[in-house]
Amino acid sequence: MSLGKSITNSYISDIFAEMAVLLELAHENPFRVRAYQKAALAIEGLSENIASMPVEKILKIPGIGKGIASHLEEIAGKGAFSEFEKLKKRFPKGLLDIVNVQGIGAKRARALYDKLGIDSMEKLMKKAMAGEIRNLDGFGEKIEQNIILGVKEASERKTDRILYWNARLIAEEILREIRSSGFGNPVYAGSLRRGKETIGDIDILCNGRPDGVLAEKLSKLSCVERTLSTGPTKVSVILKKGVQVDIRIIPEESFGAALCYFTGSKEHNVLLREIALKKGFTLNEYGLFRISDKKQKKPIASGTEEEIYRALGLQFIPPELREARGELELAAKKTIPELVSASDVKGDIHNHTNLTDGKSSFEEMLEKAVSMGWEWIFIGDHTLSLGVAHGLDYARYAETKKTLEKASAKFPRIKTGRSIEMDILKTGDLDFSHEELEKTDLVIGAVHSSLRMKEEEMTRRILKAMTSPCLDVMAHLSGRMIGKREPSNINYDMIFEEALRHDIAFEINGQPDRQDLTDVYARKAKETGLKIILSTDSHSAQQLEYMNMAVVVARRAGLTGKDVLNSLSYEEFREWISERRKTAG
DNA sequence: GCCGTTTTCGGCCCGACTGTTTTCAGTCG
């Protein structure tokens with residue numbers, strides 16, 4: 001059974017996504033292709049490991065039927081399924097890269113392979129430079145030029161997606177530039193508005209008439225490197241920073257319909273349109289129309305998203321939930337929760353100062369915390385075992401706690417505590433003795449070393465750490481770093497169940513490359529009945545702003561203000577710590 | 001390949017833009 005354990009949802013999801021591409025290359029029925037894409041997305045969004053789910057339960061997942069279920073069984077047994085293996089042999093690996101080049105899809109990739117034997121990015125570049133592609137049927141000089149640019153961009157880009165936080169900063173910069181050029185009301189949409197972990201390209205909507213004038217001006221913004229396409233309603237550009245941005249020009253009267261349409265997700269939109277059809281409407285980016293209104297003259301709703309959802313008999317769905325994960329059913333029953341927002345947050349618990357590996361002093365941290373509008377902050381540092389971070393032993397913890405108290409006196413508007421990020425050793429032991437732990441304000445347990453242990457071993461290590469009554473919060477549980485480090489193998493079910501017995505809270509870490517717990521597991525934690533706490537893991541005062549990152553993850557998980565301990569007052573939070581320590585032992 | 005309160009067969013969301021073509025296929029979101 002060792003094979004079954006390593007078969008994660010993301011592993012399976014990747015197989016089905018690749019299968020979809022291979023089927024497209026094979027000129028298969030497009031709806032079959034779509035079915036595999038849908039299955040890949042559905043599996044990616046599950047918190048429970050699908051490989052160990054009973055088949056009756058698997059068949060209840062929307063988008064998964066008998067066909068995919070039987071493939072799943074095969075994957076669970078041997079890591080792949082036969083039709084997939086067969087197709088993989090039929091097409092060289094390099095073709096999959098070629099499909100991802102801007103302007104090339106499966107059809108063109110297949111044609112290039114059949115007619116010129118192009119099976120790698122290198123060959124593609126060579127043939128394009130030699131001018132051999134332009135002579136093929138359906139190709140031309142322009143496509144050839146775009147291929148050369150596309151291959152260059154693909155090779156320069158290190159990863160094809162950027163972190164949410166970075167995308168948000170870039171988007172805000174463009175919005176400023178568009179605004180200062182005098183164009184009305186630009187907003188971002190797409191996966192950025194939905195708060196996805198990583199962002200492929202940035203979608204921006206802008207108020208204006210589709211007369212071509214605005215589009216022309218937008219393609220000349222100073223941050224633009226090259227223009228991919230320009231039409232009266234849409235401009236696609238690549239920024240100097242390497243990110244693709246699609247800007248749409250939308251008349252005010254259909255702004256809501258467009259915002260909804262371009263926010264997505266695609267799957268959410270498909271379901272939304274199906275609901276519209278059942279009610280005798282049709283929905284597109286211009287509005288919601290009666291089907292009988294053939295020329296789409298008079299929209300039922302179009303100006304705002306709220307109007308559109310209302311006209312469909314649905315509660316408004318916040319963008320972060322629009323992933324076709326059951327939100328439409330909730331909206332129909334009007335049970336979409338009021339999601340947590342930055343204004344619910346009264347403080348942070350997990351951060352670092354210049355006493356260990358942070359950059360800022362207590363005073364700088366406190367000043368920033370006040371400017372965030374918080375009522376309290378627990379300021380933390382690493383413990384000793386984390387040699388690289390000059391961690392604290394108990395004596396230094398106690399000493400610096402006094403220093404913090406002195407610093408706090410200068411900031412009467414904010415209440416403070418001294419937290420400590422307790423290293424969970426390889427054995428599952430903690431870095432301080434029990435007597436020392438009892439004298440700390442707040443203990444945040446975290447794994448920092450030997451992250452690649454086997455699942456059983458790593459799970460046992462964390463379970464053991466949790467038996468300490470003073471371990472209050474579990475930080476960045478999976479240890480993953482997006483794009484750099486895979487999550488550790490752990491058994492979430494066992495860890496969550498044990499944590500529930502000890503009333504241990506789980507952190508959503510707001511570092512843009514951590515976002516850990518993920519939205520999927522934060523949702524599961526809530527369903528298990530666990531408490532959740534948002535943190536910044538700041539290594540400078542400025543980074544306290546990452547609280548906004550953690551809020552986005554929490555919103556995607558469907559959490560309310562009440563679900564996060566950050567919404568407690570200082571006294572209530574202190575009370576929670578002492579109560580849980582009393583009962584946990 | 002999935003799905004079903006008009007259905008177990010025959011549908012499957014919809015439009016913009018480009019570049020190739022003389023009316024449309026491919027790509028993208």
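- Separating the C1' atom of dC12(B) from that of dG19(B) is a span of 29 Å, rounded to the nearest Å.
- Nearest-nucleotide positions on DNA chain B for Ala109(A) and Leu59(A) put Leu59(A) closer to the 5' end.
- As judged by a 4.0 angstrom heavy-atom cut-off over every strand, Asn146(A) is placed among residues touching the sugar-phosphate backbone only.
- Among the nucleotides dC28(B), dT18(B), dC2(B), the one closest to any side-chain atom of Gln102(A) is dC28(B).
- Of the charged side-chain nitrogens involved, at least one lies within less than 4.0 Å of a carboxylate oxygen, so that Arg168(A) and Glu172(A) count as a salt-bridged pair.
- Ring-plane geometry between Phe16(A) and Tyr36(A) is classed as tilted, the angle between the planes lying from 30 to 60 degrees on a 0 to 90 degree scale.
- The interatomic distance linking Lys60(A) (NZ) with dG4(B) (P) rounds to 14 Å, in whole Å.
- One finds no side-chain N or O of Ser236(A) lying less than 4.0 angstrom from the OP1 or OP2 phosphate oxygen of dC28(B).
- Residue-level contact check: Ile64(A) touches the backbone only, with heavy atoms under 4.0 Å from sugar-phosphate atoms and none from bases.
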Less than 3.5 Å apart, which donor and acceptor atoms pair up between the side chains of residues 137-147 of chain A and the rest of the protein, not counting sequence neighbours?
residue: Glu144(A); atom: OE1; partner: Arg134(A); partner atom: NE; Å: 2.8
residue: Glu144(A); atom: OE1; partner: Arg134(A); partner atom: NH2; Å: 2.9
residue: Glu144(A); atom: OE2; partner: Glu132(A); partner atom: N; Å: 3.4
residue: Glu144(A); atom: OE2; partner: Ile133(A); partner atom: N; Å: 3.0
residue: Glu144(A); atom: OE2; partner: Arg134(A); partner atom: N; Å: 2.9

Name every donor-acceptor pair, under 3.5 Å, that has one atom in a side chain of residues 55-68 of chain A and the other anywhere in the protein, sequence neighbours excluded.
residue: Lys57(A); atom: NZ; partner: Glu48(A); partner atom: OE1; Å: 2.8
residue: Lys57(A); atom: NZ; partner: Glu48(A); partner atom: OE2; Å: 3.3

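- For the P atoms, the distance from dG29(B) to dT22(B) is 27 Å, rounded to whole Å.
- What separates NZ of Lys66(A) from C1' of dC2(B) is a distance of 12 Å, to the nearest Å.
- Heavy atoms of other residues, nucleotides or ligands lying less than 6.0 angstrom from CD of Glu486(A) number 12 at most.
- In this structure, the side chains of Glu74(A) and Ser82(A) come closer than 4.5 Å at one or more pairs of heavy atoms.
- Phosphate contact (OP1/OP2 of dG29(B), side-chain N/O of Lys266(A), threshold under 4.0 Å): absent.
- Following rounding to the nearest Å, Leu41(A) (CG) and dC2(B) (C1') show an atom-to-atom distance of 15 Å.
- Atom-to-atom, CD1 of Ile43(A) to C1' of dC2(B) comes out at 13 Å; the value is rounded to the nearest Å.
- Between the side chains of Glu285(A) and Ser254(A), not a single donor N or O lies within less than 3.5 Å of an accepting N or O.
- Residue Arg108(A) has its side chain nearest to dG26(B) when only dC2(B), dA16(B), dG26(B) are considered.
- The separation between Ile275(A) atom CD1 and dG4(B) atom P is 13 Å, rounded to whole Å.
- Listed by first then second residue, pairs satisfying salt bridge (Lys or Arg N to Asp or Glu O under 4.0 Å) with a partner in residues 327-337 of chain A number zero, not counting sequence neighbours.
- The aromatic rings of Tyr521(A) and Tyr492(A) lie parallel to each other, with less than 30° between the two planes, well short of the 60° mark.
- For Ser229(A), the side chain to side chain donor-acceptor pair (under 3.5 Å) test picks out no residue, with sequence neighbours left out.
- Between Glu24(A) and Arg34(A) no salt bridge is recorded (no basic side-chain N to carboxylate O distance below 4.0 Å).
- Pairing partner, dT27(B): dA16(B), with both Watson-Crick or wobble hydrogen-bond distances short of 3.5 Å.
- A donor and an acceptor atom, one from each side chain of Arg322(A) and Ser265(A), are nowhere located under 3.5 Å apart.
- Using atom C1' as the reference point in both dC14(B) and dT21(B), the two lie 23 Å apart (nearest Å).
- Counting only heavy atoms from C-beta on, Thr233(A) has its side chain closest to dA16(B) among dA16(B), dG19(B), dG1(B).
- For residues 124-144 of chain A, proximity to DNA chain B is found at Gly138(A), Phe139(A), Gly140(A), Glu141(A), Lys142(A), Ile143(A), defined as any non-hydrogen atom under 4.0 angstrom from a strand atom.
- Under 4.0 angstrom from either OP1 or OP2 of dC17(B) there lies no side-chain N or O belonging to Thr230(A).
- Near-neighbour residues of DNA chain B inside residues 15-38 of chain A, defined by a heavy atom below 4.0 Å, number-ordered: Asn29(A), Phe31(A), Arg32(A), Ala35(A), Tyr36(A).
- Taking atom P on both dT7(B) and dG11(B), the two are 14 Å apart, rounded to the nearest angstrom.
- Rounded to whole Å, the P atom of dA16(B) lies 32 Å from the corresponding atom of dG10(B).
- Residue Val101(A) is in sugar-phosphate contact alone, with no base atom involved, counting any heavy-atom pair closer than 4.0 Å across all strands shown.
- In dT7(B) the base sits syn relative to the sugar, since the glycosidic angle is no further than 90° from 0.
- In this structure, CG of Asp203(A) is placed 13 Å from C1' of dA16(B), rounded to the nearest angstrom.
- Of the P atoms belonging to dC9(B) and dG15(B), the separation is 31 Å, rounded to the nearest Å.
- Two residues, Thr282(A) and Phe262(A), neighbour DNA chain B, and the one matched to the more 5' nucleotide by heavy-atom proximity is Thr282(A).
- Here the separation of dT5(B) from dG1(B), taken at their P atoms, is 23 Å to the nearest Å.
- An OP1 or OP2 oxygen of dA16(B) is reached within less than 4.0 angstrom by a side-chain nitrogen or oxygen of Tyr286(A).
- Atom CG in Leu271(A) sits about 13 Å away from atom C1' in dC2(B), given to the nearest Å.
- Rounded to whole Å, atom P of dC14(B) lies 10 Å from atom OH of Tyr261(A).
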